[in-house]
There are 2 protein chains.
Amino acid sequence: MGRTAQISRAAILSAGLAIADEHGLTAVTMQAVARRLRVTPMALYRHVANKDDLLDGLVERLLAEVSPPAAGLPWQERLAAMAHGIRATATRHPGVFMLLLSRPAVTGEALGARESVYAALREAGLDPDQVARTERLLSTMILGFAASEAAGRFARHPAAVRDADFACLLEWVGHLIDAAAR
Amino acid sequence: MGRTAQISRAAILSAGLAIADEHGLTAVTMQAVARRLRVTPMALYRHVANKDDLLDGLVERLLAEVSPPAAGLPWQERLAAMAHGIRATATRHPGVFMLLLSRPAVTGEALGARESVYAALREAGLDPDQVARTERLLSTMILGFAASEAAGRFARHPAAVRDADFACLLEWVGHLIDAAAR
DNA sequence: ACCTGAACACCGTTCAAGT
DNA sequence: ACCTGAACACCGTTCAAGT
């Protein structure tokens, strides 16, 4: 602690995520991040290419937070665990979550999550040529719900109603997979 | 035409929407809108409270574009027509469409669309206490798909694949409603 | 009533300079 | 190698002034 202020990409992302959680995504400016790290804004450019790169880093952080499903569980529970994890991440970081929709999932974390869903769907008995499409639509349903909730589209409904909505959505997912695997 | 440049809220929204369609939402600045109207940025504030009000206006414009379903058709076709209309609007205005998720639907247009879905679901035979929840989840599915596509989440898949995905999603919607009305 | 000019605090980013 | 100071073009917005 006796040293002069140190900085790193990890510290920058943590500061940016904290600001987004506290004051919204628009409050995440280079100056605000720098201020929180007690550094001039220009110091950030040593560790981050530009602001877009910083935002990409925040998305990475979110994806890393979605805990991978515990192997060994039946596929239904693995899918449900992933869905709950995504929703929890969205409510924890509502500001940043919107970025997930606009940035294609190309990081290792995101690809791993997709593979997990593929495995679960194959285990459920889906035709191999149906797996990819089903994964796209199912993740659209879950991401769409989580993003809507995070963005405040259901803000006038109490949490209990939103919980019941989500449970209903998961039930639908189960039925759809059963029907596809018939 | 011989007059000096005239301005109005409608003209401002049209200019903003055109800029968003051509260069993305970030290009919609007060200065860019003013430049397109051949006016100083400060002139806009006579007709628009601030930039947030301008963005709200753009969302209104999008909602007004989703054509209401033709009455007289069976409920399945009315719902499908609305879904296609939403998707078409999203692909026409991808930049602005993201805003739809973050701004709660409180305008007359949005409430009317919701009522149309309610009517269709009642006609399908849903329990009255299931109608509101089902509407929320169905619109989440459609909006989620349209937003994902507009934001580029499916950009690496050709249009034919995305069309088939959407058709599959609509088929699911039909099955879910049938099951709920059983 | 409607538009302009000048001004302010704030952005993202570059470049030369310090240590 | 890493941070700073000064600078630039660009934001949103306010206020007094023009017509």
Side-chain angles (χ1 to χ4, degrees), chain A residues 1-61 93 95-96 98-99 102-103 151, chain B residues 1-61 93-96 98-99 102-103 151-152:
Chain A
M1 278 297 181
R3 300 266 214 94
T4 167
Q6 285 291 15
I7 239 183
S8 67
R9 182 178 169 93
I12 290 173
L13 296 185
S14 296
L17 192 54
I19 293 171
D21 292 345
E22 292 169 19
H23 304 106
L25 192 60
T26 60
V28 181
T29 70
M30 300 302 268
Q31 350 257 330
V33 171
R35 196 158 37 227
R36 181 176 274 250
L37 295 172
R38 307 192 162 287
V39 137
T40 35
M42 300 70 85
L44 305 179
Y45 288 88
R46 251 329 114 167
H47 310 272
V48 154
N50 48 33
K51 192 181 176 185
D52 233 55
D53 183 35
L54 194 160
L55 295 180
D56 280 334
L58 294 188
V59 171
E60 283 170 37
R61 278 287 176 95
H93 310 290
V96 186
M98 298 299 298
L99 293 180
S102 40
R103 317 213 165 205
Chain B
M1 276 294 182
R3 301 268 212 94
T4 167
Q6 284 293 14
I7 239 183
S8 66
R9 182 178 170 92
I12 290 173
L13 296 184
S14 296
L17 191 55
I19 293 171
D21 292 345
E22 291 168 21
H23 304 105
L25 192 60
T26 60
V28 180
T29 70
M30 299 302 270
Q31 349 257 330
V33 172
R35 197 157 37 231
R36 181 176 275 250
L37 294 173
R38 308 191 163 286
V39 138
T40 36
M42 300 71 86
L44 305 179
Y45 288 89
R46 246 338 107 172
H47 310 271
V48 153
N50 48 34
K51 191 182 176 184
D52 233 57
D53 184 34
L54 194 159
L55 295 179
D56 280 333
L58 293 188
V59 171
E60 283 168 38
R61 277 287 175 95
H93 310 290
V96 186
M98 299 298 298
L99 293 179
S102 41
R103 319 216 160 199

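Here is how names work: the chains are called A, B, and so on, in the same order as the sequence lines, proteins then strands, and each is numbered from 1. In this text, all values refer to a predicted model and were calculated from it rather than measured experimentally.
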- List the steps and the verdict of side chain to side chain contact (heavy atoms under 4.5 Å, CB included) for B/I7 and B/L44. CA-CA 8 Å; B/I7 239 183; B/L44 305 179; 4.1 Å; yes
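- If you check D/dG5, D/dC11, D/dT14 against the side chain of B/Y45, the one that comes closest is D/dT14.
- To the nearest 0.5 angstrom, A/Q6 atom CD is 11.5 Å from A/L37 atom CG.
- Computed from coordinates, the B/D52 CG to D/dG12 P distance equals 11 Å when rounded to whole Å.
- A/E60 contributes atom CD, which lies 5.5 Å from atom CZ of A/R9 (distance to the nearest 0.5 angstrom).
- Distance from the side chain of A/H47 is smallest for D/dC3 among the nucleotides C/dC3, C/dT13, D/dC3.
- Rounding to whole angstrom units, CZ of residue B/R35 and P of C/dC3 are separated by 18 Å.
- B/L54 has its CG atom 14 Å from the P atom of D/dC11, to the nearest Å.
- As rounded to whole Å, 17 Å separates atom C1' of D/dT4 from atom CZ of A/R38.
- Each of A/P41 and B/R46 was assigned the nucleotide of DNA chain C with the nearest heavy atom; the assignment lying further toward the 5' end belongs to B/R46.
- Of the candidates D/dC3, C/dC3, D/dG5, the closest approach to any side-chain atom of B/Q6 belongs to C/dC3.
- Between the CD1 atom of A/I7 and the C1' atom of D/dA1 there is a distance of 13 Å, given to the nearest Å.
- Whole-Å rounding puts the A/L44 CG to C/dC15 P distance at 17 Å.
- Of all heavy-atom pairs spanning A/A27 and A/I19, the tightest one is O-CG2, 3.5 Å.
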- Message: Walk me through whether A/L54 and A/V28 qualify under side chain to side chain contact (heavy atoms under 4.5 Å, CB included).
- Response: CA-CA 10 Å; A/L54 194 160; A/V28 181; 4.2 Å; yes
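- Listed pair B/Q31 / D/dG12 meets the phosphate criterion, a side-chain N or O lying under 4.0 Å from OP1 or OP2.
- For A/M30, the listed nucleotide lying nearest its side chain is C/dT13; candidates were D/dC2, C/dT13, C/dT4.
- Here CG of A/D53 is found 13.0 Å from NZ of A/K51. Values are rounded to the nearest 0.5 Å.
- Checking D/dC3, D/dG12, C/dC3 against every side-chain atom of B/K51, the shortest atom distance belongs to D/dG12.
- Stem analysis of DNA chain C (Watson-Crick or G-U pairs, both distances under 3.5 Å, runs of at least three) returns C:4-8 with D:12-16, C:12-16 with D:4-8.
- Here the side chains of A/L25 and A/M98 are not in contact, with every heavy-atom distance at 4.5 Å or above.
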